[in-house]
Trainee: 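Pasting a structure here, questions to come.
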Amino acid sequence: MKLVIGSDHGGYDMKLEVIEHLKARGFEVTDVGTDSPASCDYPVYAKKLTDVIKAGDADLGILICGTGIGMSMAANKEEGIRAALCHDVFSAEATRSHNNANVLCMGARVIGPGLALMIVDKFIDTPFSNDERHIRRLSYYAPVQ
Ligand code: RB5
């Protein structure tokens, strides 16, 4: 599985921890930036990340900003992107299984790195259920490319 990750300055430190964790697990991870803790605009990195997924160059993405809210709003404007803001493990599992979410958003000012890594693991380890009722519900608003 190929992963892509991005953050703004608010999520920069947490992003580095997530990358280290994912690489230790053996995943290939593309980092679209930002590349320093200097102030920047989160929509720029949401767009860079969703472009990678839309091009088919990654299966799942992770976006981190201060709250995760701006990243999720920006990412969900893109066709084929189903971004979910998750700050608990239950939601991370449910949004993969039920919503076939392809981008996980988190807020580094909301949760600590320990919980963030548990959420990341649950998100990437949970497959979409392929359940007919969930496919039908997705078809209302989130066409899969
Ligand atoms: C940056 O200060 C902050 O607004 C951003 O990281 C994010 O929380 C936006 O939703």
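The model shown is predicted, which means the values in this text are computed figures rather than measured ones.
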Trainee: Are Val29 and Leu16 connected into the same hydrophobic cluster when the rule is that any two of I, L, V, M, F, W, Y join if their side-chain heavy atoms are below 4.5 Å apart?
Mentor: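 No: no chain of side-chain contacts under 4.5 Å links Leu16 to Val29.
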Trainee: Show your working on side chain to side chain contact (heavy atoms under 4.5 Å, CB included) between Phe128 and Ile135 and close with a plain yes or no.
Mentor: CA-CA 10 Å; Phe128 179 49; Ile135 293 170; 3.8 Å; yes
Trainee: When rounded to the nearest 0.5 angstrom, what distance separates OG1 in Thr50 from CE in Met71?
Mentor: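 If we round to the nearest 0.5 Å, Thr50:OG1 and Met71:CE are 10.5 Å apart.
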Trainee: State whether the side chain of Arg96 and the backbone N or O of Ile124 hold a donor-acceptor pair below 3.5 Å, judged by distance alone.
Mentor: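 Not a single qualifying donor-acceptor pair exists.
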Trainee: Determine, using the 4.5 Å side-chain heavy-atom cutoff (strictly less than), whether Met14 and Phe27 are members of one ILVMFWY cluster.
Mentor: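 Yes; tracing contacts between hydrophobic side chains, which count when under 4.5 Å, links both residues.
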Trainee: Any chance you could measure Ser72, atom OG, to Lys77, atom NZ, to the nearest 0.5 Å?
Mentor: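 Between Ser72 OG and Lys77 NZ, I get 10.5 Å after rounding to 0.5 Å.
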Trainee: With rounding to the nearest 0.5 angstrom, report the CD1 to NZ distance, Ile53 to Lys48.
Mentor: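 These two atoms lie 15.0 Å from each other.
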Trainee: Nearest 0.5 Å please: distance from the CG atom of Leu3 over to the CG atom of Asp31.
Mentor: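 With rounding to 0.5 Å, CG (Leu3) is 12.0 Å from CG (Asp31).
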Trainee: List for me each residue that meets side-chain hydrogen bond (donor to acceptor under 3.5 Å, both in side chains) alongside Asn76, sequence neighbours excluded, and say none if there are none.
Mentor: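 Not a single residue meets the side-chain hydrogen bond (donor to acceptor under 3.5 Å, both in side chains) criterion with Asn76.
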Trainee: Do you know the tightest heavy-atom contact between Gly10 and Ala108?
Mentor: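 Closest pair (atom of Gly10, atom of Ala108, distance): O-CB, 3.3 Å.
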Trainee: Are the side chain of Arg82 and the backbone N or O of Asn102 linked by a donor-acceptor pair below 3.5 Å?
Mentor: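 Pair absent, no side-chain N/O of Arg82 close to backbone of Asn102.
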Trainee: Would Met118 and Met1 show up in the same hydrophobic cluster when neighbours are defined by side-chain heavy atoms closer than 4.5 Å?
Mentor: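 They do share one cluster, since a chain of ILVMFWY contacts under 4.5 Å joins Met118 to Met1.
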Trainee: Return the minimal non-hydrogen interatomic distance between Ser36 and Tyr12, and the atom names on each side.
Mentor: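 Closest pair (atom of Ser36, atom of Tyr12, distance): N-CE1, 3.5 Å.
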Trainee: Quick one: does Thr95's side chain have a donor or acceptor within less than 3.5 Å of a partner on Ser91's backbone?
Mentor: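 Answer holds: no.
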Trainee: Would Leu85 end up clustered with Val103 when hydrophobic side chains under 4.5 Å apart are linked, directly or stepwise?
Mentor: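 No, no single cluster joins them.
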Trainee: Which pairs with one or both residues in residues 33-81 pass ring pair (Phe, Tyr, Trp, His ring centres under 6.0 Å), sequence neighbours excluded?
Mentor: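 Every pair satisfying ring pair (Phe, Tyr, Trp, His ring centres under 6.0 Å) with a residue in residues 33-81: there are none.
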Trainee: Main chain of Asp35, side chain of Lys15: is a donor-acceptor contact present, judged purely on distance under 3.5 Å?
Mentor: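 Pair absent, no side-chain N/O of Lys15 close to backbone of Asp35.
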Trainee: Can you tell me how far the CD atom of Glu78 sits from the NZ atom of Lys54, to the nearest 0.5 Å?
Mentor: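 Going from CD on Glu78 over to NZ on Lys54, the span is 4.0 Å.
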Trainee: Please report the shortest heavy-atom distance between Cys105 and Gly68, naming the atom on each side.
Mentor: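 In this case the closest contact between Cys105 and Gly68 is CB-O, 3.7 Å.
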Trainee: Please name all residues satisfying salt bridge (charged side-chain N to carboxylate O under 4.0 Å, His left out) with Asp88, sequence neighbours left out, ordered by chain then number.
Mentor: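 Not a single residue meets the salt bridge (charged side-chain N to carboxylate O under 4.0 Å, His left out) criterion with Asp88.
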Trainee: Working to the nearest 0.5 Å, report the span between OG of Ser39 and NE2 of His9.
Mentor: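 Spacing of OG (Ser39) from NE2 (His9) equals 4.0 Å.
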Trainee: Report yes or no: do Met73 and Ile81 belong to one cluster of Ile/Leu/Val/Met/Phe/Trp/Tyr joined by side chain heavy-atom distances under 4.5 Å?
Mentor: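 In one cluster with Met73: Ile81, no.
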Trainee: Show me the donor-acceptor pairs, under 3.5 Å and distance only, between side chains in residues 17-25 and residues at least two apart or in other chains.
Mentor:
unit_1	atom_1	unit_2	atom_2	d
His21	NE2	Asp121	OD1	2.8
His21	NE2	Asp121	OD2	3.1
Arg25	NH1	Asp121	OD1	2.8
Arg25	NH1	Asp125	OD1	3.4
Arg25	NH1	Asp125	OD2	3.3
Arg25	NH2	Asp125	OD1	2.9
Arg25	NH2	Asp125	OD2	3.4

Trainee: Is there any ring pair (Phe, Tyr, Trp, His ring centres under 6.0 Å) pair reaching into residues 83-124, and which pairs are they, with sequence neighbours excluded?
Mentor: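 Matches after skipping sequence neighbours: His98-His134.
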Trainee: What pair of heavy atoms forms the shortest contact from Ala74 to Ala46, and how long is it?
Mentor: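 It is CB-CB, 3.7 Å.
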Trainee: What donor-acceptor contacts under 3.5 angstrom involve side-chain atoms of residues 55-67, with partners at least two apart or in another chain?
Mentor:
unit_1	atom_1	unit_2	atom_2	d
Asp59	OD2	Lys2	N	2.6
Thr67	OG1	Ile69	N	3.0

Trainee: Please report the shortest heavy-atom distance between Val32 and Gly6, naming the atom on each side.
Mentor: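 Closest pair (atom of Val32, atom of Gly6, distance): CG2-CA, 3.8 Å.
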